[in-house]
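Inspection log for the structure reproduced underneath, given as C-alpha coordinates.
In what follows, chains carry the letters A, B, and so on, assigned in the order in which the sequence lines appear, proteins first and then strands, with residues in each chain numbered from 1.
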Protein chains: 2
Amino acid sequence: MKAAHKPRSEMIAETRAKLIAAGRRAFATTGYANASMDDFTAEAGLTRGALYHHFGDKKGLFEAVLAQIDQEMCVRLNEISARAKTRWQGFLDENIAYIEMALEPEIQRIVLRDGPAVLGDPAQWPNANACISAITANLVALKAEGLVRDIDAEAMARLISGASLYAAQWIANSEDPDATSIKAVKAFRALMEGLLVAGRPAN
Amino acid sequence: MKAAHKPRSEMIAETRAKLIAAGRRAFATTGYANASMDDFTAEAGLTRGALYHHFGDKKGLFEAVLAQIDQEMCVRLNEISARAKTRWQGFLDENIAYIEMALEPEIQRIVLRDGPAVLGDPAQWPNANACISAITANLVALKAEGLVRDIDAEAMARLISGASLYAAQWIANSEDPDATSIKAVKAFRALMEGLLVAGRPAN
DNA sequence: TCATTGACATACGCCACGTATGTAAGTGGC
DNA sequence: GCCACTTACATACGTGGCGTATGTCAATGA
(Lines give C-alpha, C1' and ligand atoms only; values in the text may rest on other atoms or scores of the structure.)
Protein backbone atom coordinates (compact mmCIF):
# COMPACT_ATOMS: atom_id res chain seq x y z
CA MET A 1 0.00 0.00 0.00
CA LYS A 2 1.29 3.36 -0.99
CA ALA A 3 1.40 6.27 1.37
CA ALA A 4 -2.14 7.43 1.94
CA HIS A 5 -3.03 10.11 -0.56
CA LYS A 6 -4.16 13.27 1.06
CA PRO A 7 -6.67 15.38 -0.78
CA ARG A 8 -5.10 17.48 -3.42
CA SER A 9 -5.72 20.79 -1.73
CA GLU A 10 -3.74 19.66 1.25
CA MET A 11 -0.84 18.57 -0.91
CA ILE A 12 -0.79 21.97 -2.52
CA ALA A 13 -0.83 23.81 0.75
CA GLU A 14 1.98 21.60 1.91
CA THR A 15 4.04 22.35 -1.18
CA ARG A 16 3.50 26.06 -0.79
CA ALA A 17 4.46 25.86 2.85
CA LYS A 18 7.61 23.90 2.01
CA LEU A 19 8.62 26.43 -0.61
CA ILE A 20 8.00 29.34 1.69
CA ALA A 21 9.95 27.68 4.49
CA ALA A 22 12.88 26.85 2.23
CA GLY A 23 12.91 30.32 0.71
CA ARG A 24 12.65 31.91 4.10
CA ARG A 25 15.67 30.02 5.34
CA ALA A 26 17.69 30.82 2.24
CA PHE A 27 16.74 34.50 2.20
CA ALA A 28 17.54 34.81 5.87
CA THR A 29 20.94 33.18 5.66
CA THR A 30 22.37 34.15 2.28
CA GLY A 31 20.18 37.10 1.40
CA TYR A 32 17.76 37.55 -1.46
CA ALA A 33 20.29 38.18 -4.22
CA ASN A 34 22.53 35.26 -3.31
CA ALA A 35 19.78 32.73 -2.75
CA SER A 36 19.73 30.32 -5.67
CA MET A 37 16.26 29.13 -6.55
CA ASP A 38 17.65 25.84 -7.81
CA ASP A 39 19.38 25.26 -4.51
CA PHE A 40 16.68 25.98 -2.01
CA THR A 41 13.85 24.43 -3.99
CA ALA A 42 15.94 21.26 -4.23
CA GLU A 43 16.45 21.50 -0.51
CA ALA A 44 12.69 21.32 -0.18
CA GLY A 45 12.60 18.30 -2.47
CA LEU A 46 11.18 20.30 -5.36
CA THR A 47 12.33 22.26 -8.40
CA ARG A 48 11.94 25.75 -9.68
CA GLY A 49 8.95 24.52 -11.65
CA ALA A 50 6.90 24.37 -8.49
CA LEU A 51 8.03 27.80 -7.46
CA TYR A 52 7.12 29.43 -10.73
CA HIS A 53 3.79 27.67 -10.72
CA HIS A 54 2.78 28.92 -7.29
CA PHE A 55 4.51 32.25 -6.95
CA GLY A 56 5.20 33.50 -10.45
CA ASP A 57 8.80 34.40 -9.83
CA LYS A 58 11.47 34.80 -7.22
CA LYS A 59 10.05 38.08 -6.05
CA GLY A 60 6.65 36.50 -5.65
CA LEU A 61 8.02 33.94 -3.24
CA PHE A 62 9.81 36.69 -1.39
CA GLU A 63 6.54 38.54 -0.97
CA ALA A 64 4.94 35.42 0.47
CA VAL A 65 7.81 34.95 2.89
CA LEU A 66 7.57 38.54 3.95
CA ALA A 67 3.84 38.31 4.45
CA GLN A 68 4.34 35.33 6.72
CA ILE A 69 6.93 37.09 8.83
CA ASP A 70 4.84 40.23 8.98
CA GLN A 71 1.87 38.26 10.20
CA GLU A 72 3.90 36.68 12.94
CA MET A 73 5.21 40.05 14.01
CA CYS A 74 1.77 41.55 14.20
CA VAL A 75 0.45 38.70 16.29
CA ARG A 76 3.29 39.06 18.73
CA LEU A 77 2.87 42.80 18.98
CA ASN A 78 -0.83 42.57 19.59
CA GLU A 79 -0.36 40.04 22.32
CA ILE A 80 2.09 42.30 24.05
CA SER A 81 0.02 45.45 23.91
CA ALA A 82 -3.05 43.50 25.06
CA ARG A 83 -1.25 42.35 28.19
CA ALA A 84 -0.41 45.82 29.45
CA LYS A 85 -2.38 47.38 32.29
CA THR A 86 -2.68 50.90 30.92
CA ARG A 87 -2.92 52.10 27.38
CA TRP A 88 0.20 54.19 27.74
CA GLN A 89 2.12 51.23 29.06
CA GLY A 90 0.82 49.06 26.23
CA PHE A 91 1.94 51.70 23.80
CA LEU A 92 5.44 51.73 25.25
CA ASP A 93 5.64 47.95 25.50
CA GLU A 94 4.55 47.47 21.96
CA ASN A 95 7.12 49.84 20.59
CA ILE A 96 9.90 48.41 22.69
CA ALA A 97 8.93 44.95 21.57
CA TYR A 98 9.17 46.25 18.04
CA ILE A 99 12.72 47.30 18.71
CA GLU A 100 13.56 43.95 20.17
CA MET A 101 12.08 42.02 17.29
CA ALA A 102 14.16 44.02 14.92
CA LEU A 103 17.16 42.49 16.62
CA GLU A 104 16.41 39.05 15.25
CA PRO A 105 18.73 38.30 12.34
CA GLU A 106 15.98 36.93 10.16
CA ILE A 107 13.92 40.07 10.54
CA GLN A 108 16.97 42.25 10.08
CA ARG A 109 17.90 40.63 6.83
CA ILE A 110 14.55 39.92 5.21
CA VAL A 111 12.36 42.70 6.49
CA LEU A 112 14.75 45.53 7.09
CA ARG A 113 17.50 45.07 4.54
CA ASP A 114 16.42 43.10 1.49
CA GLY A 115 12.73 43.89 1.75
CA PRO A 116 12.99 47.56 0.82
CA ALA A 117 15.45 46.84 -1.99
CA VAL A 118 13.27 44.14 -3.54
CA LEU A 119 9.78 45.43 -2.91
CA GLY A 120 10.30 49.14 -2.44
CA ASP A 121 9.29 51.37 0.41
CA PRO A 122 8.07 49.39 3.43
CA ALA A 123 5.42 51.99 4.13
CA GLN A 124 3.67 50.75 1.01
CA TRP A 125 3.56 47.12 2.09
CA PRO A 126 0.09 46.01 3.05
CA ASN A 127 1.08 44.94 6.51
CA ALA A 128 3.55 47.60 7.49
CA ASN A 129 0.55 49.83 7.28
CA ALA A 130 -1.28 47.54 9.66
CA CYS A 131 1.45 48.00 12.22
CA ILE A 132 1.52 51.74 11.68
CA SER A 133 -2.24 51.78 12.00
CA ALA A 134 -2.02 50.07 15.36
CA ILE A 135 0.39 52.69 16.64
CA THR A 136 -1.73 55.43 15.14
CA ALA A 137 -4.88 54.11 16.78
CA ASN A 138 -3.10 53.96 20.10
CA LEU A 139 -2.00 57.55 19.76
CA VAL A 140 -5.46 58.70 18.85
CA ALA A 141 -6.87 57.02 21.94
CA LEU A 142 -4.15 58.45 24.12
CA LYS A 143 -4.88 61.90 22.78
CA ALA A 144 -8.59 61.42 23.48
CA GLU A 145 -7.74 60.52 27.05
CA GLY A 146 -5.82 63.74 27.28
CA LEU A 147 -2.58 61.95 27.97
CA VAL A 148 -0.54 63.02 25.01
CA ARG A 149 -0.27 66.33 23.28
CA ASP A 150 -2.25 67.30 20.23
CA ILE A 151 -0.13 66.00 17.37
CA ASP A 152 -1.04 64.46 14.06
CA ALA A 153 -1.25 60.82 15.05
CA GLU A 154 -0.23 59.18 11.80
CA ALA A 155 2.75 61.43 11.31
CA MET A 156 3.91 60.75 14.83
CA ALA A 157 3.38 57.02 14.38
CA ARG A 158 5.66 57.10 11.36
CA LEU A 159 8.35 58.97 13.23
CA ILE A 160 8.13 56.59 16.14
CA SER A 161 8.36 53.44 14.07
CA GLY A 162 11.30 54.94 12.22
CA ALA A 163 13.05 55.66 15.47
CA SER A 164 12.33 52.13 16.68
CA LEU A 165 13.69 50.51 13.57
CA TYR A 166 16.81 52.57 13.59
CA ALA A 167 17.37 51.86 17.23
CA ALA A 168 17.13 48.19 16.43
CA GLN A 169 19.68 48.45 13.66
CA TRP A 170 22.01 50.25 16.00
CA ILE A 171 21.64 47.64 18.70
CA ALA A 172 22.01 44.69 16.38
CA ASN A 173 25.27 45.97 14.98
CA SER A 174 26.83 47.26 18.15
CA GLU A 175 29.66 45.49 19.88
CA ASP A 176 27.71 45.07 23.10
CA PRO A 177 24.07 44.63 22.11
CA ASP A 178 22.82 44.27 25.65
CA ALA A 179 24.34 47.49 26.88
CA THR A 180 23.31 49.32 23.73
CA SER A 181 19.80 47.99 24.05
CA ILE A 182 19.47 49.45 27.53
CA LYS A 183 20.64 52.83 26.33
CA ALA A 184 18.34 52.74 23.33
CA VAL A 185 15.26 51.77 25.28
CA LYS A 186 15.96 54.43 27.85
CA ALA A 187 16.34 57.09 25.18
CA PHE A 188 13.21 55.84 23.50
CA ARG A 189 11.21 56.16 26.71
CA ALA A 190 12.52 59.68 27.13
CA LEU A 191 11.52 60.54 23.60
CA MET A 192 8.03 59.18 24.20
CA GLU A 193 7.64 60.99 27.50
CA GLY A 194 8.16 64.19 25.59
CA LEU A 195 4.83 63.50 23.98
CA LEU A 196 2.95 63.59 27.24
CA VAL A 197 0.96 66.63 28.18
CA ALA A 198 3.22 68.75 30.37
CA GLY A 199 2.97 67.96 34.05
CA ARG A 200 1.08 64.76 33.44
CA PRO A 201 2.72 61.76 35.09
CA ALA A 202 3.46 58.80 32.89
CA ASN A 203 1.65 55.80 34.25
CA MET B 1 48.67 66.92 -34.15
CA LYS B 2 46.96 64.59 -31.79
CA ALA B 3 44.88 65.77 -28.88
CA ALA B 4 47.15 67.08 -26.19
CA HIS B 5 48.08 64.29 -23.83
CA LYS B 6 47.26 65.08 -20.26
CA PRO B 7 49.43 63.53 -17.62
CA ARG B 8 48.47 59.99 -16.81
CA SER B 9 47.23 60.70 -13.33
CA GLU B 10 44.70 63.13 -14.71
CA MET B 11 43.46 60.64 -17.26
CA ILE B 12 42.97 58.11 -14.52
CA ALA B 13 41.04 60.47 -12.32
CA GLU B 14 38.91 61.33 -15.29
CA THR B 15 38.18 57.69 -16.02
CA ARG B 16 37.27 57.03 -12.42
CA ALA B 17 35.00 60.04 -12.38
CA LYS B 18 33.31 58.96 -15.59
CA LEU B 19 32.69 55.49 -14.22
CA ILE B 20 31.33 56.81 -10.96
CA ALA B 21 29.06 59.23 -12.78
CA ALA B 22 27.76 56.55 -15.14
CA GLY B 23 27.24 54.08 -12.32
CA ARG B 24 25.54 56.69 -10.23
CA ARG B 25 23.08 57.44 -12.97
CA ALA B 26 22.39 53.77 -13.63
CA PHE B 27 22.01 52.86 -9.97
CA ALA B 28 19.70 55.79 -9.41
CA THR B 29 17.43 55.05 -12.34
CA THR B 30 17.30 51.27 -12.65
CA GLY B 31 18.59 50.23 -9.25
CA TYR B 32 21.69 48.31 -8.33
CA ALA B 33 20.48 44.84 -9.28
CA ASN B 34 19.15 45.86 -12.67
CA ALA B 35 22.05 48.05 -13.67
CA SER B 36 24.09 46.26 -16.31
CA MET B 37 27.78 46.92 -16.07
CA ASP B 38 28.19 46.43 -19.79
CA ASP B 39 25.53 49.02 -20.45
CA PHE B 40 26.57 51.86 -18.25
CA THR B 41 30.28 51.47 -18.79
CA ALA B 42 29.63 51.63 -22.53
CA GLU B 43 27.58 54.73 -21.88
CA ALA B 44 30.71 56.25 -20.39
CA GLY B 45 32.72 55.21 -23.45
CA LEU B 46 34.47 52.42 -21.56
CA THR B 47 34.11 48.72 -20.83
CA ARG B 48 33.81 46.55 -17.77
CA GLY B 49 37.56 46.09 -17.94
CA ALA B 50 38.09 49.61 -16.68
CA LEU B 51 35.58 49.10 -13.92
CA TYR B 52 37.18 45.94 -12.66
CA HIS B 53 40.56 47.54 -12.82
CA HIS B 54 39.61 50.53 -10.71
CA PHE B 55 36.91 49.23 -8.40
CA GLY B 56 37.39 45.48 -8.17
CA ASP B 57 33.77 44.63 -8.77
CA LYS B 58 30.28 46.01 -9.07
CA LYS B 59 29.94 46.44 -5.36
CA GLY B 60 33.20 48.38 -5.29
CA LEU B 61 31.85 50.92 -7.72
CA PHE B 62 28.68 51.15 -5.71
CA GLU B 63 30.68 51.97 -2.61
CA ALA B 64 32.45 54.73 -4.48
CA VAL B 65 29.15 56.15 -5.69
CA LEU B 66 27.74 56.04 -2.21
CA ALA B 67 30.78 57.74 -0.76
CA GLN B 68 30.37 60.54 -3.24
CA ILE B 69 26.71 61.06 -2.43
CA ASP B 70 27.39 60.86 1.29
CA GLN B 71 30.03 63.53 0.99
CA GLU B 72 27.66 65.83 -0.84
CA MET B 73 25.00 65.30 1.78
CA CYS B 74 27.33 66.10 4.63
CA VAL B 75 28.50 69.29 2.98
CA ARG B 76 24.95 70.44 2.48
CA LEU B 77 23.98 69.63 6.05
CA ASN B 78 26.94 71.42 7.51
CA GLU B 79 26.20 74.50 5.49
CA ILE B 80 22.66 74.55 6.76
CA SER B 81 23.43 74.10 10.42
CA ALA B 82 26.17 76.72 10.18
CA ARG B 83 23.71 79.29 8.88
CA ALA B 84 21.34 79.07 11.83
CA LYS B 85 21.27 81.74 14.51
CA THR B 86 20.95 79.51 17.54
CA ARG B 87 22.25 76.06 18.16
CA TRP B 88 18.78 74.71 18.74
CA GLN B 89 17.59 76.21 15.49
CA GLY B 90 20.57 74.78 13.67
CA PHE B 91 19.79 71.42 15.13
CA LEU B 92 16.21 71.57 13.91
CA ASP B 93 17.17 72.93 10.52
CA GLU B 94 19.74 70.27 9.97
CA ASN B 95 17.36 67.47 10.75
CA ILE B 96 14.60 68.89 8.67
CA ALA B 97 17.02 69.32 5.81
CA TYR B 98 17.90 65.68 6.28
CA ILE B 99 14.26 64.79 5.85
CA GLU B 100 14.02 66.88 2.74
CA MET B 101 17.12 65.43 1.19
CA ALA B 102 15.70 61.98 1.65
CA LEU B 103 12.96 63.04 -0.72
CA GLU B 104 15.33 63.16 -3.65
CA PRO B 105 14.84 60.05 -5.77
CA GLU B 106 18.54 59.42 -6.17
CA ILE B 107 19.10 59.42 -2.43
CA GLN B 108 16.00 57.33 -1.88
CA ARG B 109 17.11 54.66 -4.23
CA ILE B 110 20.86 54.51 -3.72
CA VAL B 111 21.28 55.47 -0.11
CA LEU B 112 18.05 54.35 1.50
CA ARG B 113 16.96 51.34 -0.49
CA ASP B 114 19.79 49.58 -2.29
CA GLY B 115 22.55 50.73 0.02
CA PRO B 116 21.55 48.65 3.01
CA ALA B 117 20.86 45.59 0.88
CA VAL B 118 24.22 45.75 -0.88
CA LEU B 119 26.51 47.03 1.85
CA GLY B 120 24.68 46.13 5.04
CA ASP B 121 23.62 48.30 7.91
CA PRO B 122 24.03 52.01 7.15
CA ALA B 123 25.11 52.67 10.70
CA GLN B 124 28.31 50.82 9.83
CA TRP B 125 29.13 52.95 6.83
CA PRO B 126 32.02 55.29 7.47
CA ASN B 127 30.09 58.41 6.67
CA ALA B 128 26.69 57.65 8.12
CA ASN B 129 28.59 57.74 11.34
CA ALA B 130 29.88 61.15 10.47
CA CYS B 131 26.33 62.43 10.13
CA ILE B 132 25.27 60.74 13.34
CA SER B 133 28.30 62.23 15.03
CA ALA B 134 27.25 65.68 13.96
CA ILE B 135 23.81 65.23 15.47
CA THR B 136 25.34 63.72 18.59
CA ALA B 137 27.74 66.61 19.01
CA ASN B 138 24.87 69.03 18.69
CA LEU B 139 22.90 67.24 21.35
CA VAL B 140 25.85 67.17 23.71
CA ALA B 141 26.28 70.90 23.31
CA LEU B 142 22.58 71.53 23.81
CA LYS B 143 22.64 69.47 26.96
CA ALA B 144 25.62 71.44 28.22
CA GLU B 145 23.71 74.64 27.62
CA GLY B 146 20.91 73.20 29.74
CA LEU B 147 18.47 73.36 26.87
CA VAL B 148 17.66 69.72 26.47
CA ARG B 149 17.08 67.05 29.06
CA ASP B 150 19.74 64.67 30.26
CA ILE B 151 19.59 61.86 27.74
CA ASP B 152 22.29 59.69 26.20
CA ALA B 153 23.22 61.80 23.21
CA GLU B 154 24.28 59.08 20.82
CA ALA B 155 21.21 56.96 21.47
CA MET B 156 18.97 59.94 20.93
CA ALA B 157 20.83 60.90 17.77
CA ARG B 158 20.15 57.44 16.38
CA LEU B 159 16.49 57.64 17.20
CA ILE B 160 16.21 61.05 15.65
CA SER B 161 17.92 60.14 12.43
CA GLY B 162 15.72 57.07 12.19
CA ALA B 163 12.63 59.17 12.62
CA SER B 164 13.89 61.59 9.99
CA LEU B 165 14.58 58.91 7.47
CA TYR B 166 11.26 57.27 7.96
CA ALA B 167 9.47 60.55 7.70
CA ALA B 168 11.21 61.11 4.42
CA GLN B 169 10.15 57.74 3.09
CA TRP B 170 6.63 58.47 4.08
CA ILE B 171 6.62 61.83 2.37
CA ALA B 172 8.26 60.58 -0.78
CA ASN B 173 5.69 57.87 -1.26
CA SER B 174 2.61 59.78 -0.27
CA GLU B 175 0.08 61.00 -2.77
CA ASP B 176 0.50 64.62 -1.79
CA PRO B 177 4.15 65.03 -0.80
CA ASP B 178 3.83 68.71 -0.01
CA ALA B 179 0.97 68.31 2.41
CA THR B 180 2.55 65.25 3.97
CA SER B 181 5.82 67.08 4.32
CA ILE B 182 4.15 69.81 6.34
CA LYS B 183 2.55 67.28 8.65
CA ALA B 184 5.79 65.37 9.07
CA VAL B 185 7.90 68.42 9.82
CA LYS B 186 5.33 69.64 12.33
CA ALA B 187 5.27 66.30 14.09
CA PHE B 188 9.04 66.21 14.03
CA ARG B 189 9.24 69.61 15.68
CA ALA B 190 6.82 68.44 18.33
CA LEU B 191 8.87 65.35 18.95
CA MET B 192 12.00 67.44 19.32
CA GLU B 193 10.34 69.94 21.62
CA GLY B 194 9.67 67.06 23.95
CA LEU B 195 13.40 66.93 24.46
CA LEU B 196 13.58 70.41 25.86
CA VAL B 197 13.85 70.94 29.57
CA ALA B 198 10.33 71.50 30.86
CA GLY B 199 9.27 75.10 30.84
CA ARG B 200 12.15 76.17 28.70
CA PRO B 201 11.07 78.08 25.61
CA ALA B 202 12.36 76.78 22.34
CA ASN B 203 14.36 79.48 20.65
C1' DT C 1 -14.10 5.50 -18.00
C1' DC C 2 -12.51 9.19 -20.30
C1' DA C 3 -11.68 14.03 -21.00
C1' DT C 4 -9.85 17.82 -18.70
C1' DT C 5 -7.55 20.41 -15.51
C1' DG C 6 -3.72 21.52 -12.92
C1' DA C 7 0.61 20.56 -10.27
C1' DC C 8 4.77 19.96 -10.98
C1' DA C 9 9.46 18.55 -13.70
C1' DT C 10 12.54 19.11 -17.67
C1' DA C 11 14.89 21.51 -21.26
C1' DC C 12 16.39 25.53 -23.38
C1' DG C 13 18.06 30.30 -24.22
C1' DC C 14 19.70 34.51 -22.56
C1' DC C 15 21.92 37.69 -19.91
C1' DA C 16 25.11 39.24 -16.56
C1' DC C 17 28.98 38.73 -13.75
C1' DG C 18 33.80 37.64 -12.95
C1' DT C 19 38.39 36.15 -14.63
C1' DA C 20 42.09 35.30 -17.59
C1' DT C 21 44.48 37.10 -21.18
C1' DG C 22 45.98 40.47 -24.57
C1' DT C 23 47.63 45.16 -26.05
C1' DA C 24 49.11 49.62 -26.31
C1' DA C 25 50.57 53.57 -24.06
C1' DG C 26 53.12 55.71 -20.53
C1' DT C 27 57.22 55.89 -17.31
C1' DG C 28 61.97 55.56 -15.45
C1' DG C 29 66.90 54.28 -15.84
C1' DC C 30 71.06 54.39 -18.69
C1' DG D 1 66.73 58.39 -26.90
C1' DC D 2 66.16 53.59 -26.43
C1' DC D 3 64.53 49.71 -23.77
C1' DA D 4 62.61 47.14 -20.03
C1' DC D 5 58.82 47.41 -17.29
C1' DT D 6 54.55 48.82 -15.44
C1' DT D 7 49.79 49.86 -15.89
C1' DA D 8 45.34 51.20 -17.77
C1' DC D 9 42.36 49.49 -20.15
C1' DA D 10 39.86 46.05 -23.91
C1' DT D 11 38.68 41.39 -25.44
C1' DA D 12 37.39 36.63 -24.91
C1' DC D 13 35.63 33.02 -22.33
C1' DG D 14 33.33 30.20 -18.80
C1' DT D 15 29.75 29.79 -15.45
C1' DG D 16 25.62 30.32 -13.08
C1' DG D 17 21.13 31.92 -12.40
C1' DC D 18 16.69 33.47 -14.07
C1' DG D 19 12.56 32.98 -16.87
C1' DT D 20 9.80 30.48 -20.36
C1' DA D 21 8.15 26.93 -23.14
C1' DT D 22 7.04 22.36 -23.10
C1' DG D 23 6.19 17.82 -21.35
C1' DT D 24 4.09 14.39 -18.05
C1' DC D 25 1.40 12.31 -14.77
C1' DA D 26 -2.00 12.24 -11.29
C1' DA D 27 -6.37 13.94 -9.55
C1' DT D 28 -11.05 15.35 -10.43
C1' DG D 29 -15.83 15.16 -12.43
C1' DA D 30 -19.49 13.76 -15.48
Nearest listed nucleotide, side chain of B/Ala50, among D/dA8, C/dC8, D/dA10 | D/dA10

In this structure, NE2 of A/His54 is separated from NZ of A/Lys18 (nearest 0.5 Å) by 10.5 Å

Quick one: which residue pairs count as a ring-ring contact (aromatic ring centres under 6.0 Å, His included) with a foot in residues 89-119 of chain A, not counting sequence neighbours?
-> A/Trp88-A/Phe91

Residue-phosphate contact under 4.0 Å: A/Thr47 side-chain N/O, C/dT10 OP1/OP2 = no

Any ion pair linking A/Arg24 and A/Glu106 (charged N to carboxylate O, less than 4.0 Å)?
-> yes

If you find the nucleotide of DNA chain D closest to A/Ala33 and the one closest to B/Leu46, which residue's nucleotide is nearer the 5' end?
-> B/Leu46

Nearest whole angstrom, please: distance from the P of C/dG18 to the CZ of B/Phe55.
-> 14 Å

Pairwise 5' ranking along DNA chain D for A/Gly56 and A/Asn34, keeping only the more 5' one | A/Asn34

Between D/dA12, D/dT20, D/dG17, which nucleotide has the shortest distance from any of its atoms to the side chain of A/Ser36?
-> D/dG17

Reckon B/Ala35 touches a base, only the sugar-phosphate, or nothing at all at heavy-atom distances under 4.0 Å?
-> sugar-phosphate

Whole angstrom is fine here: how far is it from CG in B/Asp39 over to P in C/dC15?
-> 11 Å

Per A/His54 side chain, nearest of listed nucleotides C/dG18, C/dA7, D/dC18 = C/dA7

Whole angstrom value for the distance that separates P of C/dC8 from OH of A/Tyr52 = 16 Å

Nearest listed nucleotide, side chain of B/Arg48, among D/dA12, D/dG19, D/dC9 | D/dA12

Between B/His53 and D/dA8, is there a side-chain N or O to OP1/OP2 distance below 4.0 Å?
-> yes

N-O pairing of A/Arg76 and A/Glu104 below 4.0 Å = yes

How long is the line joining CE of B/Met37 and P of D/dC9, in whole Å?
-> 15 Å

Take the protein atom CE of A/Met11 and the nucleotide atom P of D/dC25, then report the distance between them rounded to whole Å.
-> 17 Å

Between atom CG in B/Asp38 and atom C1' in C/dC17, what is the gap in whole Å?
-> 9 Å

C/dG6 C1' sits how many Å from A/Arg16 CZ, rounded?
-> 14 Å

Using whole Å, report how far CZ of A/Phe40 lies from C1' of D/dC18.
-> 11 Å

So, B/Phe62 versus B/Phe55, ring centres under 6.0 angstrom or not?
-> no

